[in-house]
Amino acid sequence: MSPSGFEPGVDLDRVRAETDLRQIEFHAELPSTNDRALQVADQPGAVLPALILAEEQTAGRGRGANRWWSGPGALTFSWIIETAPLGLSTRHRPKLSLTAGLAVCEALQKLLEESQPPALRFQLKWPNDVFLQQRKLAGILVEMPPGRPERLVVGIGVNLNNSLEAAPPDVREAAVSLIDVRGEPVSRTEALVAILRRLRACVEQSVADEDRLMRRWEERSLLRGSMVQLDLGPRTVVGMCRGIDADGALVLQTEYGLERFFSGVVGSLE
Ligand code: BTN
């Protein structure tokens with residue numbers, strides 16, 4: 001039960017028992033779990049790893065100026081970690097969004113395959129999105145608390161049991177929810193536990209076995225083999241996507257040859 005008396009739609013005891021979390025904070029409503037997670041991460045005595053989970057967000061944030069819209073039934077949470085125990089150095093951080101995206105793909109894939117044939121394929125869209133049937137199912141927002149570079153916040157939003165039928169038209173066009181695809185809900189507790197466990201395993205592999213992790217995100221790459229338009233702010237680059245390299249960079253065959261990009265907004269797909 002949360003301090004407000006609101007009964008969470010997730011079994012927090014089970015999440016506690018089946019993950020390595022040392023602290024869970026549940027909110028019926030929050031502006032943004034990442035905002036709250038950044039506050040928690042800023043506290044000197046923060047007990048980590050911690051989870052901030054919200055039943056609903058009123059001001060969910062995405063990369064840049066993006067908003068994250070999601071109604072009741074979605075999974076919206078932030079994972080707060082200490083980087084040193086996981087062996088994460090500054091070199092690994094640019095890959096963390098992709099690593100988290102891969103964890104979401106693999107966790108949901110496995111969860112659904114236990115209950116039905118593997119008809120659905122979850123894909124990674126560089127640098128921080130999970131796609132299903134060519135539309136966005138989940139988004140990742142990794143942030144570093146200012147003044148605490150030894151900690152990180154990994155915010156994840158998954159359209160799980162929140163039907164998008166009543167969502168604004170632009171959201172419906174670009175996004176997808178698992179319940180609208182399958183026609184039946186998924187246990188939010190099971191999905192959350194599966195994602196958190198996979199997340200930890202993938203983060204450990206991003207340090208211990210980078211090549212294997214790279215092969216797995218390559219296998220799920222939505223952009224590979226497509227013409228990509230990448231908005232870099234001052235300029236736009238167009239090229240054939242050749243994949244994602246071991247550093248998490250997008251590799252494009254442009255008019256200048258093979259180029260690697262660590263940031264940018266993918267504008268259009270072919
Ligand atoms: C994106 O689309 O660019 C990333 C979206 C990330 C959304 C999640 S929901 C939980 C966490 N809290 C936020 O405010 N954002 C992230």
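Residues take their numbers from the sequence shown, with the count starting at 1. The figures here come from the full heavy-atom set of this structure, side chains too, leaving out hydrogens, waters and symmetry mates. When a ligand or atom number is given, it counts from 1 through the structure's own listing order.
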### Query
Step by step, would you call R135 with E173 a side chain to side chain contact (heavy atoms under 4.5 Å, CB included)?
CA-CA 8 Å; R135 282 177 293 163; E173 205 173 294; over 6 Å; no
### Donor-acceptor contact present, side-chain S78 to main-chain V153, <3.5 Å
no
### Message
Under 4.0 Å from a heavy atom of G139: which atoms of ligand 1 are those, numbered in the order shown and with their elements?
### Response
4 (C), 5 (C), 6 (C)
### Message
Tell me the closest heavy-atom pair linking V176 and L132, and the distance in Å.
### Response
CG1-O, 3.5 Å
### Query
What atoms of ligand 1 come within less than 4.0 Å of a heavy atom belonging to T33?
10 (C), 11 (C), 12 (N)
### N/O donor-acceptor pair under 3.5 Å between N162 side chain and L160 backbone
yes
### Task
Enumerate the atoms of ligand 1 whose separation from the nearest heavy atom of R63 is less than 4.0 angstrom.
1 (C), 3 (O)
## Note on the structure
One finds that the ligand 1 atoms under 4.0 Å from a non-hydrogen atom of I140 are 4 (C)
### Shortest protein contact, atom 9 (S) of ligand 1 (heavy atom only)
Q57 NE2, 3.4 Å
#### Entry: Electrostatic pair R197:E18 at N-O distance under 4.0 angstrom
no
### Task
Check each atom of ligand 1 against the heavy atoms of G62 and keep those under 4.0 Å away; list them by number with element.
1 (C), 3 (O), 4 (C), 5 (C)
### Query
Is there a side-chain contact between Q133 and L120 (heavy atoms, below 4.5 Å)?
yes
### Message
Distance under 4.0 Å to a non-hydrogen atom of N128: what atoms of ligand 1 satisfy this?
### Response
1 (C), 3 (O), 4 (C)
### Summary
Within 4.0 Å of some non-hydrogen atom of R61, the atoms of ligand 1 are 5 (C), 6 (C), 7 (C), 13 (C), 14 (O), 15 (N), 16 (C)
### Task
Go through the side-chain N and O atoms of Q57 and S70 and say whether any donor and acceptor fall under 3.5 Å apart.
no
### Message
Quick test: of every protein heavy atom, which one is nearest to atom 2 (O) of ligand 1, and how far off is it to 0.1 Å?
### Response
K136 NZ, 2.5 Å
### Task
For G60, take its heavy atoms, then give the atoms of ligand 1 lying under 4.0 Å from any of them.
14 (O)
### Task
For atom 8 (C) of ligand 1, grab the closest protein heavy atom and report residue, atom and distance to one decimal in Å.
G157 N, 3.6 Å
### Task
Please report the C-alpha distance between V181 and L137 in whole Å, then the side-chain angles of each, then the deciding distance to 0.1 Å, and finally whether the side chain to side chain contact (heavy atoms under 4.5 Å, CB included) criterion is met.
CA-CA 11 Å; V181 172; L137 179 88; over 6 Å; no
